[in-house]
Amino acid sequence: MVSPLILINLKTYQEGIGGSAHRIATAAENVAKESGVTIGVAPSFMDLRPLSTHFSIPVYAQHIDGITPGAHTGYILPEAVKLAGAHGTLINHSERRLTLADIEAAVAAAKRLQLETVVCTNNVATSAAAAALAPDYVAIEPPELIGSGVSVSKADPEIIRRSVEAVRGVRDDVQVLTGAGIQSGDCVKIALDLGTQGVLLASSVVKADDPAAVLRELVSLL
Ligand SMILES: O=C(CO)COP(=O)(O)O
């Protein structure tokens, strides 16, 4: 059994480079050490290298483009993300949506470089489609609950249950994460009891005065 994953998406909550990403990564590393739970962070691209150098927790990109080195202005090159020390990458986050063809290309590029893949989805049907691309994780996040403070585990457990079932129906080697409004140990426990392997979250930790305290609460029932 793979150990549960708590993945913190830092989005663009931070003002200025470095400070808040470092603060959240420090909290994540401390709580990961205390609890034995795997806690990863997905900072802005500019923070990948400092975080991967200074911390031992897994660091994820928030997006990659399925391109190879060459003439692609303004794209995120998977090789650059790998060289910056990323362990993996989000793909198709609700705030950075891609076409199915783009998702496939991004997953293929990540696999070529042995970057762990977390493909985000917005409903049961897209979860099944994402599973067919054989990423490491499919992360189901109902967009209407993202940043709402209302937890998917409590407001819509059915979408988690049905997504796990849909993913399992396509491939049994793809793990499922869930996210949106995750804020307590209870939310994490419900998600795991419904068959997921962990959670993807942002605001409850990133906006907290004491991110370590929130993380301790999140892992408290594991
Ligand atoms: O989008 C999310 C994580 O990728 C969820 O965000 P919140 O935890 O702020 O709802």
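Whatever order the structure lists them in is the order used to number ligands and atoms, beginning at 1. All values derive from a computational prediction rather than experimental measurement. Numbering of residues begins at 1 and proceeds along the displayed sequence.
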Visitor: Out of curiosity, is Ser204 lining ligand 1, as in a heavy atom under 4.0 Å away?
Guide: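 Contact check Ser204 vs ligand 1: negative.
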Visitor: Do any pairs count as a side-chain hydrogen bond (donor to acceptor under 3.5 Å, both in side chains) and have a residue in residues 206-222, sequence neighbours left out, and if so which ones?
Guide: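 Counting only pairs at least two positions apart or across chains, the side-chain hydrogen bond (donor to acceptor under 3.5 Å, both in side chains) contacts touching residues 206-222 are Glu34-Arg216.
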Visitor: Starting from atom 8 (O) of ligand 1, find the nearest protein heavy-atom neighbour and note its residue, name and distance.
Guide: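 For this ligand atom, the closest protein heavy atom is Ala202 N, 2.8 Å.
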Visitor: Please determine whether any non-hydrogen atom of Lys11 lies less than 4.0 Å from an atom of ligand 1.
Guide: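 Yes, that is the case, since the closest heavy atom of the residue is under 4.0 Å from the ligand.
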Visitor: How far is atom 4 (O) of ligand 1 from its nearest protein heavy atom, and which residue and atom name does that atom have?
Guide: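 Protein heavy atom at minimum distance: His93 NE2, 2.8 Å.
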Visitor: For ligand 1, is there an N or O atom under 3.5 Å from any N or O atom of Asn9?
Guide: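 Yes, Asn9 has an N/O under 3.5 Å of an N/O on ligand 1.
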Visitor: What closest approach, in Å, do Glu141 and Ser94 show between heavy atoms, and which atom pair accounts for it?
Guide: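 Minimum heavy-atom contact is O-OG, 4.2 Å.
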Visitor: Taking all non-hydrogen atoms of both residues into account, name the closest pair between Val31 and Ala212 and its distance.
Guide: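 Looking at all heavy atoms of both residues, the closest pair is CG2-O, 3.7 Å.
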Visitor: With the threshold set at under 4.0 angstrom, would you say Gly179 reaches ligand 1 through any of its heavy atoms?
Guide: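 No.
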Visitor: For atom 2 (C) of ligand 1, what is the closest protein heavy atom, and at what distance to 0.1 Å?
Guide: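 Checked against all protein heavy atoms, atom 2 (C) of ligand 1 sits closest to Glu141 OE2, 3.0 Å.
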Visitor: If you count the atoms of ligand 1 from 1 in the order shown, which ones are under 4.0 Å from a heavy atom of Gly147?
Guide: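 Ligand 1 atoms under the 4.0 Å threshold to Gly147: 7 (P), 9 (O), 10 (O).
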Visitor: Would you compute the distance between atom CD1 of Ile64 and atom CG of Asp102 and round it to the nearest 0.5 angstrom?
Guide: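 So the CD1 of Ile64 and the CG of Asp102 are separated by 11.0 Å.
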Visitor: Taking 4.0 angstrom as the limit, do Arg162 and Glu165 come out as a salt bridge?
Guide: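 Salt bridge absent between Arg162 and Glu165.
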Visitor: Could you grab the distance from atom CG of Leu201 to atom CD1 of Ile6, nearest 0.5 Å is fine?
Guide: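 Atom-to-atom, Leu201:CG and Ile6:CD1 are 6.5 Å apart.
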Visitor: Check for me, please, whether Leu100 and Val170 land in the same ILVMFWY cluster - side-chain distances under 4.5 Å, paths through other members count.
Guide: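 Hydrophobic grouping puts Leu100 apart from Val170.
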Visitor: Do the side-chain N and O atoms of Ser56 and Glu29 include a donor-acceptor pair separated by under 3.5 angstrom?
Guide: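 Checked: Ser56/Glu29 side chains pair up, N/O donor to acceptor below 3.5 Å.
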Visitor: Can you list the ligand 1 atoms lying under 4.0 Å from a non-hydrogen atom of Gly181?
Guide: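 The atoms of ligand 1 under 4.0 Å from a heavy atom of Gly181 are 7 (P), 8 (O), 10 (O).
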Visitor: Considering only heavy atoms, does Ile146 approach ligand 1 within less than 4.0 Å through its side chain, its backbone, both, or neither?
Guide: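 For Ile146, the contact with ligand 1 is made by both the backbone and the side chain.
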Visitor: To which protein heavy atom is atom 9 (O) of ligand 1 closest, and what is the distance rounded to 0.1 Å?
Guide: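 Atom 9 (O) of ligand 1 sits closest to the protein heavy atom Ser203 OG, 2.4 Å.
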